[in-house]
Amino acid sequence: MTHPLSLAQGREYLAIPGPSVIPDAVLQAMHRPAPNIYAGALIEMTATLIPDLKRIARTEHSAAIYICNGHGAWEAALANVIAPGERVLVPATGRFGIGWGEMAEGLGAEVDVIDFGKSSPMDLDRIRDALRDDNAHAIKAVLAVHVDTSSSVRNDIAGLRAVLDDVGHPALLMADCIASLGCDRFEMDAWGVDVMVTGCQKGLMVPPGISFVFFNDKAAAVRAAMPRVSRYWDWGPRGDPAEFYQYFGGTAPTQHLYGLRTALDMIHAEGIEHVWARHQRLAEAIWTACETWGQADGPLRLNIEDRAYRSHAVTALRLQPPQGTALRNWVQENLGLTLGIGLGMAAPGDPAWHGFFRLGHMGHVNGQMVLGMLGGIEAGLCALEVPHYTGGVAAAARVIAGR
Ligand SMILES: *Cc1c(COP(=O)(O)O)cnc(C)c1O
């Protein structure tokens, strides 16, 4: 047996579920002197971002840009349609669903949470019952999460629309696509989503700092009937600006916009259908490797049992604690590979916390990166003597090869 030797020098790979890997072309587009915000190229370029964002969201309706992270996008969306004392329904399938509900609570909403736990998708029948019980139509919006990044579950948003229509409930359907946009198929208009929120730092491949709220005419009418909306969060001027500064409620996030322009060019050059297919194939390779390692009662487990409900952007896993943390540390120190911590699955002080970890595979990720990540994990399982069925990487390679 040879001695351990760190192999961490070289280009590092940040395989956490956001922020994601930033393409060099995006970094280079951002590396420029401060542009004029009163006239010239920046103003013309910004106008081109909106239609290209809408193409990715698959909507013909409106989009507003905010200088904030995903939490800010939640607050922005809610501030436009939910007044204090109004009721929202939150079908939660992980930490982010809970968090969106908490954000609504902070704005004074009455929040009904249906908690589906940490490893299951939404149960549409239970949501149907809750909506049916609301004869008075007090629920003004349903706050759903498309991909919950903590559990890595992917929910059926089109199915949720069908349930709302089925019971004839007028609530707005609001979808959090912060983890999924540009990774998992999402069709805002075809799926009947009224409001969609996303951020720039996951599938859109831009450093954290800007977020987006997409809204249709039904949501705009709800906004118009609000007694009051905070000036800064108001999506009205942002979605339909008469002056350039109104896109942002103030100074533009100049360099971010250039980074976003390049990222959108990359996505459209590849084609969104291909982007989705790439994420799906890479996710299938990852699942196959993990399922192989966990065979014969090894301790490695995928958090979401059913492939139909797994995200193509992030995979949540568990080992016997503290092996999850040990594996993350090993690949970090020895291979220059950073895996994601478990989030919301156990309290940080709980020993169980050290069993959970996640793989981010969103955005600027290709076959050799995923095979490298999987090879790194297999090396770590081997080095740490974690019981596992060998052959995970070979099985993943067959998926990548399409065999
Ligand atoms: C990342 C994420 C958020 C939070 O975004 P921040 O930019 O960290 O505020 C919310 N919801 C989902 C589904 C996410 O993946």
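Bear in mind the structure is a predicted one, so any value in this text is a computation, not a measurement. Every number for a ligand or one of its atoms is a count from 1 in the order of the listing.
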Problem set entry | Stepwise side chain to side chain donor-acceptor pair (under 3.5 Å) check, Asn69 with Ser211 | CA-CA 6 Å; Asn69 57 23; Ser211 291; 5.8 Å; no
Exercise. Quick one: which ligand 1 atoms are inside 4.0 Å of a heavy atom on Gln201?
Worked result: 6 (P), 7 (O)
Exercise. In the protein, what heavy atom is nearest to atom 14 (C) of ligand 1, and what distance, to one decimal place, separates them?
Worked result: Lys202 NZ, 2.9 Å
For this session: Could you tell me the residue and atom name of the protein heavy atom closest to atom 12 (C) of ligand 1, and the distance to it rounded to 0.1 Å?
Result: Asp176 OD2, 3.4 Å
Problem set entry | Protein heavy atom at shortest distance from atom 8 (O) of ligand 1 | His71 ND1, 3.9 Å
Problem set entry | ligand 1-proximal atoms of Trp74, by part, heavy-atom distance under 4.0 Å | side chain
Problem set entry | Protein residue, atom and distance nearest to atom 3 (C) of ligand 1, heavy-atom basis | Phe96 CE2, 3.4 Å
Exercise. When you look for heavy atoms under 4.0 Å from ligand 1, do you find them on the side chain of Asp148, its backbone, both, or neither?
Worked result: neither
Problem set entry | Proximity of His146 to ligand 1 by residue part, where a heavy atom lies under 4.0 Å | neither
For this session: Quick one: sort the Phe244 and Tyr247 rings into parallel, tilted or perpendicular, breaks at 30° and 60°.
Result: perpendicular
Exercise. At a 4.0 Å threshold, what atoms of ligand 1 neighbour a non-hydrogen atom of Thr149?
Worked result: 12 (C), 13 (C), 14 (C), 15 (O)
Problem set entry | Asn69, portion touching ligand 1 at heavy-atom distance under 4.0 Å | both
Problem set entry | ligand 1 atoms in contact with Ala179 (distance to a heavy atom under 4.0 Å) | 15 (O)
For this session: Check whether the ring centres of His279 and His361 lie less than 6.0 Å apart, and answer yes or no.
Result: no
For this session: Would you mind checking which non-hydrogen protein atom is closest to atom 6 (P) of ligand 1, with the distance to 0.1 Å?
Result: Gly70 N, 3.3 Å
Problem set entry | Near-ring test His146/Trp191, centroid separation under 6.0 angstrom | yes
Exercise. Does the separation of the ring centres of Trp276 and Phe186 fall below 6.0 angstrom?
Worked result: no
Exercise. On the ring face of Phe96, is Lys118 found with NZ or CZ under 6.0 Å from the centre and within 45° of the axis?
Worked result: no
For this session: With atom 13 (C) of ligand 1 as the reference point, say which of Leu181, Val147, Leu343 has the nearest heavy atom.
Result: Val147
Exercise. When you measure from the centre of the six-membered ring of Trp287, is the NZ or CZ of Arg310 under 6.0 Å away and within 45° of the axis?
Worked result: yes
For this session: Measure from NZ or CZ of Arg238 to the centre of the six-membered ring of Tyr232, then state whether that distance is under 6.0 Å and the direction lies within 45° of the axis.
Result: yes
Exercise. Any side-chain heavy atom of Val222 within less than 4.5 Å of one from Phe215?
Worked result: no
